[in-house]
Amino acid sequence: MAGSNEINANEAKKVVPLHTWILISNFKLAYNMLRRPDGTFNRELAEFLDRKVSANAVPVDGVFSFDVVNRSTGLLNRIYRTAPPENDSGEGNVAGVLELEKPLSCSEIVPVILFFHGGSFSHSSANSAIYDSFCRRLTGLIQGVVVSVDYRRSPEHRYPCAYEDGWEALKWVHSRTWLSSGKERKVHVYLAGDSSGGNIAHHVAHRAATSNVEVLGNILLHPLFGGEQRMESEMKLDGKYFVKLQDRDWYWRAFLPEGEDRDHPACNIFGPRGSSLTGLSFPKSLVVVAGLDLVQDWQLGYVEGLRKSGQDVTLLFLEKATIGFYFLPNNEHFYTLMDKIKNFVRS
Amino acid sequence: MGPYDSSISAAAGGSTSSSSSSACSSSTKPPDQMDHLLAGAGYKVRSNDLNQVAKRLEHLETVMVKSSPVDFSELVNDAVHYNPTDLASWVDSLLTELNTNVSGQPGPGTADLSDLRDFPAGPYGNGNVTQTGEFSQQAVTPLEEDVSIRLVHVLMTCAEAVQRGDLSLASLLIDDLQALLGRVNSGCGIGKVGSFFVDALSRRVVNSPQNGAVQVDLSAYENEILYHHYYEACPYLKFAHFTANQAILEAFDGQDCVHVIDFNLMQGLQWPALIQALALRPGGPPLLRLTGIGPPSLDGRDSLREIGLKLAELARSVNVRFAFRGVAASRLDDVKPWMLQVSPKEAVAVNSIMQLHKLLGPNSSRGPPIDLVLDWIQDLNPRILMVVEQESNHNQPEFLDRFTESLYYYSTMFDSLDACTAQPEKTLAELYIQREICNVVCCEGSARVERHEPLVRWRERLSRAGFAPLHLGSNAFKQARMLLTLFSAEGYSVEENEGCLTLGWHSRPLIAASAWQAVPKPSAATTGL
């Protein structure tokens with residue numbers, strides 16, 4: 001079935017709820033129109049079609065958000081926090097501003113998740129509606145803070161731009177006193193990301209490990225990895241559940257330096273050109289694999305690679321999940337995932 | 001049958017929404033109810049239409065796959081997209097494009113589509129997630145230094161004291177604020193905009209807001225200078241003019257006699273570009289009439305006429321038949337439709353750039369000014385009413401709410417101005433903005449004219465007044481983005497918002513442009529009375 005144009009809508013419809021099918025199919029078709037055969041990307045149309053939402057300093061369902069521009073990169077960081085209890089002076093409105101004066105807590109530890117949105121390195125932003133909704137849910141779940149950040153996207157900005165932006169974001173988060181907590185007054189950071197965001201989280205964590213910057217854990221949601229070799233899952237699932245292998249190839253060609261192949265270490269972590277993680281104080285990882293994602297063999301290989309390097313890794317394999325299962329809270333995989341994440345940042 | 005069956009749903013379906021029904025996703029709901037789940041992803045789809053939308057998506061994919069590479073790339077490159085939030089109509093418009101390209105005839109019917117029972121009856125239903133509603137637009141400036149944070153804190157406390165009427169406390173706090181201002185970098189960021197707000201608060205405390213003698217009136221000449229520098233220093237007015245002209249051009253397509261009514265002519269900066277675009281129109285330019293409304297000249301100059309003459313000169317040089325008329329009025333609700341001399345044969349465009357909000361003040365003896373004006377605009381039966389407004393709510397009844405919202409709004413706007421380095425443009429642009437701030441903060445009653453309201457409220461108002469939206473599409477979006485790259489710094493962003501376009505700084509929209517047309521009023525004969 002590899003490379004065939006046959007429509008497998010029937011397959012996907014059997015395993016996802018109606019809303020999810022509509023949402024992911026809509027993205028699939030829109031994205032088809034944005035990737036040009038010559039490797040360029042219709043950025044204007046992409047930005048026009050992307051549904052964005054503003055930050056909202058008024059709490060909704062107990063979560064409020066505000067945007068800060070990272071002065072050194074010019075990129076947006078959107079911060080999500082749980083609303084403080086109403087105080088009598090009626091200053092609820094300016095909660096966002098006033099809270100910036102002090103740490104999150106002096107006694108308790110408040111987890112801060114630095115989140116990299118997905119989009120195969122080319123699509124979406126921190127203020128995309130799907131990611132805003134997801135981050136709000138995540139914030140409420142962990143009762144902490146989520147910082148969702150923009151990074152420069154391909155093909156306009158190739159490797160290593162996204163990783164550099166991710167690194168800057170990590171440094172930024174670590175240096176905000178108002179994100180610190182606990183008796184040691186430090187920022188308790190976890191890295192998280194879906195798809196390309198997961199890939200970025202790995203590389204930022206790697207750099208942090210080699211630079212003695214603390215990251216307490218990595219949460220990778222069907223992270224984007226790959227390689228030159230064609231894996232069984234890639235061939236078996238090509239085109240079956242919203243994604244075609246040739247689309248994956250397009251995004252790697254757009255992200256990797258020109259002339260490079262998929263064994264580049266950005267893409268193939270434990271491949272022939274990857275560097276060893278053995279002995280590094282790499283953070284513990286939670287890797288979530290969707291059983292209907294054609295990239296899964298690479299993700300499972302990544303988990304294996306972490307284990308062999310002596311790193312702490314937990315695999316959450318959701319057999320019947322497709323990509324993007326976490327965008328809508330309408331399926332059991334979503335709730336399983338949320339539970340796992342909650343426990344991961346608590347322990 | 002899908003993998004989810006009803007026994008699972010009974011156990012697991014912990015729905016908190018009262019509107020959620022059974023596990024079956026095809027339950028009927030009130031006709032207009034929008035699906036909550038997809039709303040969280042930025043799409044408005046009626047709950048009852050979900051299955052239909054799914055079918056159309058599937059059909060669209062079939063057609064896309066079957067289309068030739070040429071047709072597909074035409075679809076991608078040339079099709080104009082509108083209002084992606086309305087997912088159903090977006091999908092349908094693509095289907096129409098592709099079907100027309102492929103065969104020149106309407107596409108195949110839906111008879112061959114898969115049965116809908118293939119979708120599992122999800123146990124979680126439709127209404128499980130309480131939805132984030134409309135967002136109030138607020139963004140916080142980067143407040144990294146302790147003093148800056150303290151400054152904002154004291155500003156808010158002072159505003160609160162003003163709201164409570166505790167003017168002696170407010171005065172003390174203003175002294176504190178002056179001291180704090182001395183400690184921040186007042187050249188940029190919160191220091192700069194903070195100083196304007198401190199100034200505004202102190203004027204308010206010292207003067208009674210009612211008498212409006214809070215700001216020195218500028219001469220028309222001085223006003224023009226500030227306006228001109230604001231125009232040059234940042235892209236907001238350019239974006240407004242550019243987007244409006246695009247929409248007006250499209251509305252005038254095929255029309256031989258066109259009449260533009262400009263609610264605030266100022267220096268007529270918007271019109272040379274339209275005149276030139278009309279000159280280059282395939283098929284030749286129409287006869288263009290321009291009616292410019294502006295305040296009466298106090299210094300004996302007829303400034304409206306002067307601008308009119310300059311524009312006429314330009315029109316002559318590009319062979320566009322042109323006629324100008326100036327209408328002097330201090331307020332828009334003083335204008336009577338007969339003054340505009342609209343002829344029934346003309347296509348009319350009404351152009352309002354940052355003017356309608358001035359009509360939201362106290363009612364005159366004839367009723368709410370905004371209603372009066374929208375009414376006579378309706379009577380003109382314009383092909384397009386172009387509205388550009390500040391995207392913020394500075395018209396809330398409580399002073400503290402207005403103060404807070406404008407602090408965030410103007411902080412963002414000043415941040416964007418920091419990107420402009422040209423002097424004296426920047427300083428004079430700041431003074432232009434300062435006058436707005438002063439009006440919002442210091443004035444009340446009829447003196448307070450800067451009563452900005454966000455797009456969401458203008459939509460309600462204009463719909464109630466009998467206007468239907470004309471969507472601004474991906475072509476206008478693309479051109480606005482190109483304009484930005486030509487004229488401005490990194491950081492400005494154009495966004496699409498349900499058929500309207502906004503321009504903002506990073507993720508905060510600051511200006512919103514929307515287009516409307518009059519819905520013909522039902523005639524008495526059809527009411528059956």
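Heavy-atom basis, side chains included; hydrogens, waters and symmetry copies ignored. First the proteins, then the strands, lettered A, B, ... as listed; each starts at 1.
Looking at B:Glu495, the atoms closer than 4.5 Å to chain A (heavy atoms on both sides) all sit in the side chain, from C-beta outward. Of the two parts of A:Asn42, only the side chain, counted from C-beta on, holds a non-hydrogen atom closer than 4.5 Å to a non-hydrogen atom of chain B. Proximity to chain B is limited to the side chain of A:Phe27, based on heavy atoms less than 4.5 angstrom apart. Only the side chain of A:Leu45 has a heavy atom closer than 4.5 Å to any heavy atom of chain B. Heavy atoms closer than 4.5 Å to chain B are found nowhere in A:Ala126, neither backbone nor side chain.
Side-chain contact between A:Glu44 and B:Met482 is absent, with no heavy-atom pair separated by less than 4.5 Å. In this structure, B:Ser507 and A:Val53 have side chains that are not in contact, with every pair of non-hydrogen atoms separated by 4.5 Å or more. Within the 4.5 Å cutoff, side-chain heavy atoms of B:Glu58 are placed close to those of A:Trp21.
Atoms CD1 and CG, on A:Ile130 and B:Leu38 in that order, are 12.0 Å from each other to the nearest 0.5 Å. Annotation: the span from A:Phe327 atom CZ to B:Leu37 atom CG amounts to 14.0 Å, rounded to 0.5 Å. Annotation: the span from A:Leu49 atom CG to B:Thr85 atom OG1 amounts to 10.0 Å, rounded to 0.5 Å. One finds the CG atom of A:Leu75 at 9.5 Å from the CD atom of B:Glu490 (value rounded to the nearest 0.5 Å).
The existence of a salt bridge linking A:Arg51 and B:Glu496 is confirmed by a sub-4.0 Å separation between a basic side-chain nitrogen and an acidic carboxylate oxygen.
Considering every non-hydrogen atom in both B:Tyr43 and A:Asn26, the closest pair reads OH-ND2, 3.0 Å. The shortest non-hydrogen separation linking B:Leu57 to A:Leu29 is O-CD1, 3.5 Å. Shown here for B:Leu87 and A:Ile22, the closest heavy-atom pair between the two residues is CD2-CG2, 3.8 Å.
When each of B:Ser493, B:Pro84, B:Gly42 is scored by its heavy-atom pairs under 4.5 Å with chain A, the top score falls to B:Pro84. Each of B:Glu498, B:Arg481, B:Lys478, B:Met64 has some count of heavy-atom pairs under 4.5 Å with chain A, and the biggest count is that of B:Arg481.
More than 12 heavy-atom neighbours from other residues, nucleotides or ligands sit within 6.0 angstrom of CZ on B:Arg164.
Looking at A:Asp67 and B:His506, their side chains never bring a donor and an acceptor atom within 3.5 Å of each other.
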